[in-house]
Amino acid sequence: MGMDRREFLKLSAASVGAATVAGQASAQSLLDRIPNPFAPMPPQWFDGDVETVYSYCENCFWKCGIEVKVAGGKVRKVDGYATNPKSRGMLCPRGQGAPTQTYDPDRLKRPLIRVEGTERGDGQYREASWDEALDYIAEKMFAIRDEHGPESVAWFGHGSGDKWFASYLPGAWGSPNAAKPSVSLCTGPRETASQYTFGRGISGHEQIDWSETNYIVLIGHHIGEDTHNTQLQDFALALKRGAKLVVADPRFSTAAAKANDWLPVKPGTDTALLLAWMHVLVTEELYDAAYVEQYTLGFDRLVEHVQPYTPEWAAEITEIPADTIRRIAREMAEHAPRAVIPVSRHVVWYGNDTQRNRALYLVNVLLGNYGKPGGYYFCDAPGVDAYPAPDLPLAPSSGGCGGSTTDVEADSPFRDSVDRGLFYGSATAVQEMIPPMLTGEPYPIKGLFSYGVNLFHSIPKVDYTKEALKQLDLYVAIDVLPMEHVMWADVILPEATYLERYDDLLLQSYKTPFIAGRFPAIEAMYDTKPGWWIAKELGEKLGLGEYFPWEDMEDYLDTRLRTIGSDLEELRQQGTIVRRGRPYFADYERFNRNPLGTPSGKIEIYSERFADAGFDPMPTYEPTEQPPAGSYRLLYGRSPVHTFARTHNNAVLMDQHGENEVWIATKEAERLGVANGDYVYLENDAGVREGPVKAAVTERIRHDCVYIVHGFGHKAPLMRLANGRGASDTALQSSYTLDPISGGAGLRNNFVRVVADAPNPNHPPIKDLVADRSPV
Amino acid sequence: MVEWYGLPWSQHFWHWPTLFHFAFVALAGGMAFVTMVATLRDHPRKRTYALITMGLIVLDLFTLWVESPARWRFTHVWLFLAFTPTSPIWIGAWGLITSMVASFFVWLDRGPRQVWGALLVIGSSLALVYPGLALSVNVNRPIWSMILIVLFPLTGMVTVTALAMLFKQAWAKAFITPLSLASAGIGVLYLWGLATGVPEAQQGFAYLWSHGGPLFLVGLALLVAPAFLRRTPLLAALVPFVGATVVRSLIVEIGQHQFFGF
Amino acid sequence: MTRYAMSIDLSACVGCSACSVACTMENDVPVGNHRLWIRNTTVGTFPNLTVEFRPEQCLHCENPPCVPVCPTGCCYVTDDGIVDIDEHQCIACGACIAACPYDARSMHPDGYVTKCNFCRHRLEEGKLPACVETCPTLCRSFGDLDDPNSAVSIAIREADRVDVLRPEQGTGPNLYYLNAPSSFGLTSNIWDVKHEEGAH
Ligand code: SF4
Ligand code: SF4
Ligand code: SF4
């Protein structure tokens, strides 16, 4: 034995010591474990030190400013704060429940690479280091570039980090095929309509002057079920002030429940209603003549154009009585210009959506409210310079919700996007990036990045998408949860959640434009990384390092903030920096400036550009396809506690609303032999069957349609709470009607049958599916 | 249509083990009553009865402990450190503990017999009455009507008398029929009270009826049966025992519903 | 003296559940329990419909039936009128759950009863209860009923209609529902609603 005595003694002393310590410890913990009925309850999180970190919410993309409360190294609560114009101290249910997602045990935890030799969709993965995963991606990307060109990599993004994956990196790499579902599957048509009418977009925050308006007409606008925080606050305050509310909707929505008038309009006929309102305003000379004279172009053509659109004509089509149509038009005029028809989100309904939104704007214009108090205000994003970096070879192309995009210049070395020419507008349409994966026309898409875009819960024709994915050479998913589409990817990159990361500045167009910062409240859990880090590392591996000259995000943000005389520390202390806005025409006219960006500098009631391109220069009514006998039009909407398909593994939110229900009119349900609470299947003509889904037999919906809340019906076994609950509307959307102007995919021309007597899936309560019942 | 976001706790708060508690506490309280009479009369078997009383109390408390969500928190000491005479459970706890202590001394055969007897008068009546009381104080739950304050001690005594019969206690035979018939009578009165009461009570009746009405009637029928079973003491004991337990359990189980939840 | 009370303006509430989720996070309410939940009830027939969006929680009754039945005295009323629970004395007997006419109490998985306590810890810091603070429709008011200038006093005074839940129970709720949308007041329970639906 080569150990000398002294060493041995030392060792044994140490081990005796260790044993004693261990003994004490176990006696101690044993004692601790015997409950003492006289001891007070263990402290609550708020009893100790609570640290506050400013950030903005990410559970939907309204991006409310939040204070994150951290106790014991854990985020316990988020609150709004008063100085942030979007939260004003309040949050919606999704914002409140968002921290639960960070602590979701089902989260993606480390980079994964699909096991070689398996098929996409098999779900066989091996763990990898970030280095290996990014190298793997870079190698495949070089191969695609060599064979097909850089344009053959498509980039989809949604969320705060989409700047990196749907704009910056594609711009640096050289692909115009970058798209956001928030454009062609959501707001695209309203943006295009706004651009061609006013020469400005609608900001991500709809610029409705709620606090000044006295008469509100909502068309298919689901405030209340859609809990965009500030909008809901403004809406409630307006009603409290006594503003009148009219809601046109085939469904007695939450908003309709608050309305003075509910117009149960026949689905697909909204444009007829809008045209009839124009008819009344024009023929009864109720429009704001001075406003029309000063700001618009082509009014005389409109006078002629709307002649045939009488309320009687519209009554036939919309099934709203002619006198009601007339009365509402007159009431709007009475309250004008403080009467407004707000534009909504998700306007891709029937394929004629740009024209419908133009009609909606034109009614507002006749009321003289655009750019006036009580109507639509103007807003711009606060200006903060970009980080000094070389110009990108290709301008970022996906645009925001605002959808404005840059065309690839004629002399550019890059090819134009694959969807160019399919429609008139210049935005990229996410759904049009799929066919080239299969057809190779006009050129093949061989690589795909999906940053937070749920390919199977947002893009219609899910089966087609799956076929297309199989043809790719590379498919990378960057996400937080093992969504179904994520588990198809070749490489899965786990992103840190919003509470664990920095993000770029939020530069918010608003009545009072503002800048908000996101600061990490806790360290990233597991081996997850923020989007900006992933983009920079990948950029470097792709040889694009020069476009990422910043050290890290602190350097990046600080440098940007210094261009406006602030810095990162100041933003960290304040959370939000609020600027003064220029909401009305008067604010521009004072400086002899014109906020309208149309070629004519006017509001273009008559669009020369549309006429030249072969579209109706003024909106007309085109009948929409009707459901075949025995089928219902599939309408969909929001649950107040869920966002898209992103929140369905959040225990707290699922505990609030754990499966969606299909609303069926009472009489129809009787005919079908379906009772309230029964389970049914929904089936479309393409043979897709969804469900079992619970039937909500209700008086609150017209007979010709059924309604489900979007985002349920996940088929993702690794998401234990979401998997198999309810039905997916997207899965049932086996077709769409392309809006030839904006590229929007009209989703509401899908029809379903209700199949009674589905088995009850007996979903266990959410609490039985979570190991730890604590909300975080 | 009613939509919910989150749900109220309108599920049952007492589960099947609680039914055992309601059965054992009837036996324990009833046995304390028997011990009380035996003690006051200086019956030769009073020590045996006292021992059985203690056993039943322990059994009942053990059931309570097993079903308690606070099993490992040992907070039950607070039952005896607090003074909350408005709480039927507190009353019951003291009834049981008093019966326990008195029975212990009766079993030891030490001390003043009259005092133990007097304590048992109090203890056993509290223990017998409190289950019905604990239900009927909940005026928000119409199925738990006031009559339970009578019905529960009576049916409790039926079960203990039946038990005594099974163990061939001669005195029991004389009591089983009147007790069972009285229980059945009160049971009918109970149903009639619900069915003809305020609208809430009528809702309660409808609910009780649809969720266990026939079984309830069977329970009542079993309580009437001893009148016709005089020749077969075994059956005359078992049948009303089952009847009383069925009636009690149904009331506890179904009565948890209040017509406000979902 | 302070007499805390809350009001919810049902003409403004949209049943969004922000209050409920805020409560869950603030008070670490276990998944599966709720101190606050939303009941949205439809009354009427197409197209003459009313929907009542109604958040429910402990009403901090003036005359709380849940308190006297508690055998350990752990259910008590504070001087400010808050009905609270001293969890570490709770034996989880369920007597108070049985007594509450509003299903406001629930059993915590750790073996004690839990419910809304108007976020007492926040009141002590001078903050509003979490539900009141977050409500995006600003339909909740909170404060001291004895103070005529408190938010809740003003809200109640200005309301066209004030209702409490199950008044026949004689509990004297301190949660007031303002401007109930149906002509008959609050929808009381599903049996009545069926009845109302039939009546239209
Ligand atoms: S509206 Fe709600 S989910 Fe969306 S950002 Fe605001 S708090 Fe978050
Ligand atoms: S947060 Fe406000 S609006 Fe939403 S359910 Fe609660 S009380 Fe109603
Ligand atoms: S609502 Fe229920 S828990 Fe709250 S004080 Fe009243 S009876 Fe007690």
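Reminder, nothing fancy here: chain letters follow the sequence lines and each chain counts from 1.
For A:Arg702, the parts sitting under 4.5 Å from any heavy atom of chain C are the backbone and the side chain alike. Interface residue A:Thr100: backbone and side-chain heavy atoms are both found under 4.5 Å from chain C. Looking at A:Pro765, neither its backbone nor its side chain comes within 4.5 Å of chain C, counting heavy atoms on both sides. Heavy-atom distances place no part of C:Leu128 under 4.5 Å from chain A, backbone and side chain included. Using a 4.5 Å cut-off between heavy atoms, C:Cys19 makes no contact with chain A at all.
Between A:Gln96 and C:Thr134, the side chains place a donor N or O and an acceptor N or O closer than 3.5 Å (distance only, hydrogens not considered). Side-chain atoms of A:Asp47 and C:His121 form no donor-acceptor pair, as typed in the model, at a separation below 3.5 Å. At a cut-off of 3.5 Å, with distance as the only test, no side-chain donor of A:Gln233 or C:Thr137 sits close to an acceptor on the other residue. A:Glu699 and C:Thr45 share no side-chain donor-acceptor pair at under 3.5 Å.
The closest side-chain heavy-atom distance from C:Val51 to A:Thr254 is not below 4.5 Å. Residues C:Cys135 and A:Met90 fail the side-chain proximity criterion, which asks for heavy atoms closer than 4.5 Å. The shortest distance between side-chain heavy atoms of A:Trp262 and C:Leu49 falls below 4.5 Å. Between C:Met25 and A:Trp45, every side-chain heavy-atom pair lies at or beyond the 4.5 Å cut-off.
Within the 3.5 Å criterion, the main-chain N or O of C:Val31 finds no donor-acceptor partner in the side chain of A:Asp655. Under the 3.5 Å distance criterion, the side-chain polar atoms of A:Lys258 are matched with a main-chain donor or acceptor of C:Ser11.
The CG atom of A:Leu239 sits 12.0 Å away from atom SG of C:Cys139, with the distance rounded to the nearest 0.5 Å. Separation of atoms CZ (A:Arg773) and CG (C:Asp28) is listed at 11.5 Å; rounding is to 0.5 Å. Separating the CZ atom in C:Phe46 from the NE2 atom in A:His703 is a distance of 7.5 Å, to the nearest 0.5 Å. Note that OG1 of C:Thr24 is 6.0 Å distant from CD of A:Gln656, once rounded to the nearest 0.5 Å.
The choice from C:Asn33, C:Asn27, C:Asp9 that makes the most heavy-atom pairs within less than 4.5 Å of chain A is C:Asn33. Most heavy-atom pairs under 4.5 Å with chain A: of the set C:Asp86, C:Thr50, C:Val29, C:Asp110, this distinction falls to C:Val29. In terms of heavy-atom pairs under 4.5 Å with chain C, the best-connected choice from A:Gly95, A:Gly89, A:Pro775, A:Ala236 is A:Pro775. When each of C:Ala130, C:Pro47, C:Pro181 is checked for heavy-atom pairs under 4.5 Å with chain A, C:Pro47 comes out on top.
In plain terms, the two heavy atoms of C:Pro136 and A:Cys92 that are nearest each other are CG-CA, 4.2 Å.
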